[in-house]
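Letters A, B, ... mirror the listed sequences (proteins, then strands); counts begin at 1. Every value quoted in this text rests on a predicted model; they were computed, and no experiment measured them. Note: hydrogens, waters and symmetry copies are ignored here, and every other heavy atom, side chains too, is used.
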Amino acid sequence: HVSIRGRLNIDLEDMARDIPELTVETLEELVRFLGLKVELDTVEEYELAEKWRDDRELVKRYSMQRAEAILKAFESIRDFVFSLSELTRMPADYVLTASAGFRVENYLMSLAVKLGELIPRRGEITHVSYPGGLVKEPIRGMHEDVAVLDFKSMYPSLIIKYNISFDTLSEDGENVAPNGYRFRAEPEGFLPRALKTLLEERGKIQAMLKAVPPGSVEAKILDARQRAVKIIANAIYGYTGWAGARWYSREVAEATTAWGREVISSTIRKAEELGMKVIYSDTDSVFLKDHRGKLEKLVEWIEKDLGLEAKLEKVFKRVIFTEAKKRYAGITEDEEIEIVGLEAVRGDWSAIARQAQRETAEVLLRTGDPSLALRKAREYVQQLRSEEVELRKLIIWRQITRSLSEYSATQPHIVVARRLMNEGWKIQPGDKVGYIITRGSGPLYSRAKPYFEVSMDEVDWDYYVEKQVVPACKRVLEAVGVKAEKILESGERTLMDFFG
DNA sequence: TTTAGGCATTTAAAACTGGGCTT
DNA sequence: AAGCCCAGTTTTAAATGCCT
């Protein structure tokens, strides 16, 4: 971050990094995410020097467009930045560059001052990790009519409910966590107090939001403000488990997740008792089959017996699970395709593999017919075999996470990054390197080249078939019993289709 | 100036295995 | 019989990016 006296220097790149929906933090992506209506002609960075020489008008237009886009993007996040700044008491030009931990910490410090609490010194603690959320093994295959039930801010609610805090932790506390830590019920701890304040604040803002005309300036400001409050509230649990925190408390973090695991497992048990089938569960959500007429009872039980709130998040008409946790694809009642965790949503797979998987899954989810999905997968293999895929769909992007000298393992993106650096490019942690695998022998890293240096005739098409498109489609198809080899078969029927 | 843990996956590197050969 | 080389196979480690 660069500080300039008398100026607020707010960097939109920090903003972009903060938005998890953006896998590539470019201005184009930010503008698209914010839904801004600006024109942006894309000029690749490596082409700029050349264009400056040959087509200066283009570069001028390009620069003006970007300047306008930046201004508009700022205007749409301005309220949020100032809200977050006000809430955390951090300078507005600082709050976006600050990590989540420091935002929480600054909020807590301002609250401590208000309450007359002392602010602890930052300690030097070696972090020991502890058990987190519970993830249930999914039931493999295609399921119809599955309801997803979510707990509403589970960890904050638990912290408030059991008065979990570093200053209520006590040998003789009456709230006993499943892992043995005890917390006094009275007086109210600092963290529950902070969370209650934040939740009440958010409630107030949301009430005010209803009273102002939607889309108005006031509505925008209020909405930005409630988002800022929510962000801080949601980060408090994680903050307590961060070794660098002033209010680090492993006991608090551990007790919170322990109670969380207890809550979700008892919910799973109760759902089964009520005659529902639990397809999957992750931390604070459960996926339920045979839920018609029973879901309401479960929600009621959660409110009465657990003293927590849960709500029906969505209903999948169909959902497919592989054997893997945290990976599935579904189609909701309003025909939305949703893909979670699979290659299709991962930035480190080529666009062609992502697209092939997405469409294969989409056909499967819309029709429920594995053979049609298989046909779709074969189409993509065919496209690659006949070398008809654009180069940009073959680029594999990976992030540089540390300085290049610190890597011990040889990897394609590191080899490429080192080469680019030798060619004069500046590469630092956080940058993404795009490469394409070319034909030849030896390990992958020796065949990876910067995407803009590759021509169609050097592409290793077999790699993209065997290591990109086929594995991605296979993941989806195998969930419904289609063997992977079938993707590579021609598609004509053989005797094996009848007897195999 | 790193909110937490849980998880799958790919690739490279290391460790292992067993056959065939020499000493 | 012991030791060694080599190629193929299996296991482990490193790294990344996702989910809640």
Side-chain angles (χ1 to χ4, degrees), chain A residues 1 14 17-18 20-21 23-24 90 94-108 122 127-138 148 150-156 231-250 252-254 256-258 260-261 264 280-287 313 322-328 338-349 353 396-402 406-415 429-430 432-433 437 442-448 463 466-468 471-472 474-475:
Chain A
H1 180 71
D14 296 322
R17 277 189 217 280
D18 230 37
E21 282 86 352
T23 40
V24 272
M90 300 174 90
Y94 212 62
V95 74
L96 281 186
T97 65
S99 64
F102 283 88
R103 291 179 195 166
V104 170
E105 188 148 279
N106 278 276
Y107 169 73
L108 291 178
R122 201 181 297 288
H127 181 63
V128 185
S129 81
Y130 57 88
L134 192 75
V135 190
K136 191 182 184 295
E137 195 86 36
V148 182
D150 271 12
F151 278 85
K152 260 175 84 180
S153 42
M154 183 196 253
Y155 288 165
I231 279 179
I232 299 296
N234 285 344
I236 285 188
Y237 146 70
Y239 170 83
T240 65
W242 171 41
R246 286 174 190 272
W247 280 285
Y248 170 72
S249 170
R250 224 191 65 229
V252 165
E254 260 193 272
T256 306
T257 57
R261 290 192 299 276
I264 204 73
Y280 177 62
S281 164
D282 186 350
T283 313
D284 62 354
S285 68
V286 278
F287 288 56
E313 190 59 37
T322 66
E323 66 291 342
K325 297 170 175 180
K326 298 186 186 279
R327 295 179 168 219
Y328 55 90
E338 221 165 284
I339 299 187
V340 178
L342 292 166
E343 285 75 6
V345 298
R346 293 182 61 95
D348 57 348
W349 281 71
I396 296 166
W397 292 93
R398 269 191 172 74
Q399 198 182 167
I400 303 292
T401 59
R402 60 192 82 166
E406 286 173 66
Y407 281 93
S408 63
T410 330
Q411 296 181 89
H413 71 300
I414 302 306
V415 172
K432 289 196 170 78
V433 173
I437 300 296
L444 276 188
Y445 61 76
S446 67
R447 297 188 282 131
Y463 171 82
E466 283 156 24
K467 300 289 185 176
Q468 291 279 321
K474 172 179 135 175
R475 205 91 57 205

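Atom CZ in Arg327(A) sits about 17 Å away from atom P in dG6(B), given to the nearest Å. Here dT2(B) presents its P atom at 14 Å from CG of Asp14(A), a figure rounded to the nearest Å. Atom-to-atom, CG of Asp284(A) to P of dC19(C) comes out at 14 Å; the value is rounded to the nearest Å. Separating the CG atom of Asp282(A) from the C1' atom of dG5(B) is a distance of 11 Å, rounded to the nearest angstrom. Following rounding to the nearest Å, His127(A) (NE2) and dT2(B) (C1') show an atom-to-atom distance of 10 Å. Regarding Arg475(A), its CZ atom lies at a distance of 15 Å from the P atom of dC18(C), rounded to whole Å. The separation between Tyr155(A) atom OH and dA4(B) atom C1' is 8 Å, rounded to whole Å. Atoms CG (Asp150(A)) and C1' (dT20(C)) sit 9 Å apart, rounded to a whole Å.
Contacts of Gly101(A) with the nucleic acid, taken as non-hydrogen atoms under 4.0 Å apart, involve only primed sugar atoms and P, OP1 or OP2. Among the atoms of the strands shown, only primed sugar atoms or phosphate atoms (P, OP1, OP2) are found under 4.0 Å from some heavy atom of Tyr130(A). Base engagement by Ala100(A) is indicated by at least one non-hydrogen atom pair under 4.0 Å involving a base atom. No engagement by Pro412(A) is indicated, since no non-hydrogen atom pair under 4.0 Å with the nucleic acid exists. Among the atoms of the strands shown, only primed sugar atoms or phosphate atoms (P, OP1, OP2) are found under 4.0 Å from some heavy atom of Tyr463(A). Among the heavy atoms of the strands, none lies under 4.0 Å from Glu105(A). Across all strands shown, Tyr328(A) has heavy atoms under 4.0 Å from sugar-phosphate atoms exclusively, and none from any base. Among the atoms of the strands shown, none is found under 4.0 Å from any heavy atom of Gly244(A). The residue Arg122(A) sits apart from the nucleic acid: no heavy atom pair falls under 4.0 Å. Nucleic acid contact class of Ala324(A) (heavy atoms, under 4.0 Å, all strands): sugar-phosphate only. Contact annotation for Val135(A): backbone-only contact, meaning every heavy-atom pair under 4.0 Å involves sugar-phosphate atoms and none involves a base.
Between Gln399(A) and dG17(C) there is a side-chain polar atom (N or O) within less than 4.0 angstrom of OP1 or OP2. A close approach under 4.0 Å does occur between a side-chain nitrogen or oxygen of Thr401(A) and OP1 or OP2 of dT16(C). At least one side-chain nitrogen or oxygen of Ser408(A) sits closer than 4.0 Å to the OP1 or OP2 atom of dA15(C). Contact between the side-chain N/O atoms of Ser99(A) and the OP1/OP2 oxygens of dT3(B) is found at a separation under 4.0 Å. Put simply, Thr283(A) has no side-chain N or O that comes within less than 4.0 Å of OP1 or OP2 on dC19(C). Look at Tyr407(A) and you'll find a side-chain N or O under 4.0 angstrom from OP1 or OP2 of dT16(C).
Nearest nucleotide to the Ala409(A) side chain, out of dG17(C), dT1(B), dA14(C): dA14(C). Taking only side-chain atoms of Arg346(A), from C-beta outward, the nucleotide of dT20(C), dG17(C), dA15(C) with the closest atom is dG17(C). Of all nucleotides listed (dA4(B), dC19(C), dT2(B)), dC19(C) comes nearest to the side chain of Val340(A). Distance from the side chain of Leu444(A) is smallest to dT11(B) among dT11(B), dT10(B), dA4(B). Nearest nucleotide to the side chain of Arg402(A), out of dA15(C), dC19(C), dA13(B): dA15(C). For Val345(A), whose side chain is taken as the heavy atoms from C-beta onward, the closest listed nucleotide among dC18(C), dT3(B), dG6(B) is dC18(C).
Side-chain contact between Val135(A) and Tyr280(A) is present, with at least one heavy-atom pair separated by less than 4.5 Å. Using a 4.5 Å heavy-atom threshold, the side chains of Tyr239(A) and Leu108(A) count as touching. No side-chain heavy atom of Glu313(A) sits less than 4.5 Å from a side-chain heavy atom of Phe287(A).
Mapped onto DNA chain B by nearest heavy atom, Trp242(A) and Glu137(A) fall at different nucleotides, with Trp242(A) at the one closer to the 5' end. For Phe102(A) and Gly241(A), each mapped to the nucleotide of DNA chain B holding its nearest heavy atom, the one lying further toward the 5' end belongs to Phe102(A).
Counting all heavy atoms, side chain and backbone alike, Tyr407(A) lies closest to His413(A) at OH-NE2, 4.4 Å. In terms of heavy-atom proximity, Met90(A) sits nearest to Arg103(A) at SD-CA, 4.0 Å.
At a cut-off of 3.5 angstrom, counting only N and O atoms as typed in the model, there is no donor on one side facing an acceptor on the other between the side-chain of Tyr248(A) and the base of dT3(B). Applying the 3.5 Å distance criterion, the base of dC7(B) shares no donor-acceptor pair with the side chain of Lys326(A).
In this structure dA4(B) sits in a base pair with dT20(C), meeting the Watson-Crick or G-U test at under 3.5 Å. Nucleotide dT10(C) is matched to dA14(B) when pairs are restricted to Watson-Crick or G-U wobble geometry with both distances under 3.5 angstrom.
Of the possible polar contacts, one joining the Arg447(A) side chain to the Gly442(A) backbone as a donor-acceptor pair under 3.5 Å is found. Ser249(A) places no side-chain N or O within 3.5 Å of a backbone atom of Thr240(A) that could act as its donor or acceptor partner.
Salt bridge status for Asp282(A) with Lys326(A): present, with a side-chain N to carboxylate O gap under 4.0 Å.
Both thresholds, 5.5 Å between centres and 30° between ring planes, are not jointly met by Tyr237(A) relative to the base of dT3(B), so the two rings are not stacked.
Of the P atoms belonging to dC18(C) and dT1(B), the separation is 26 Å, rounded to the nearest Å.
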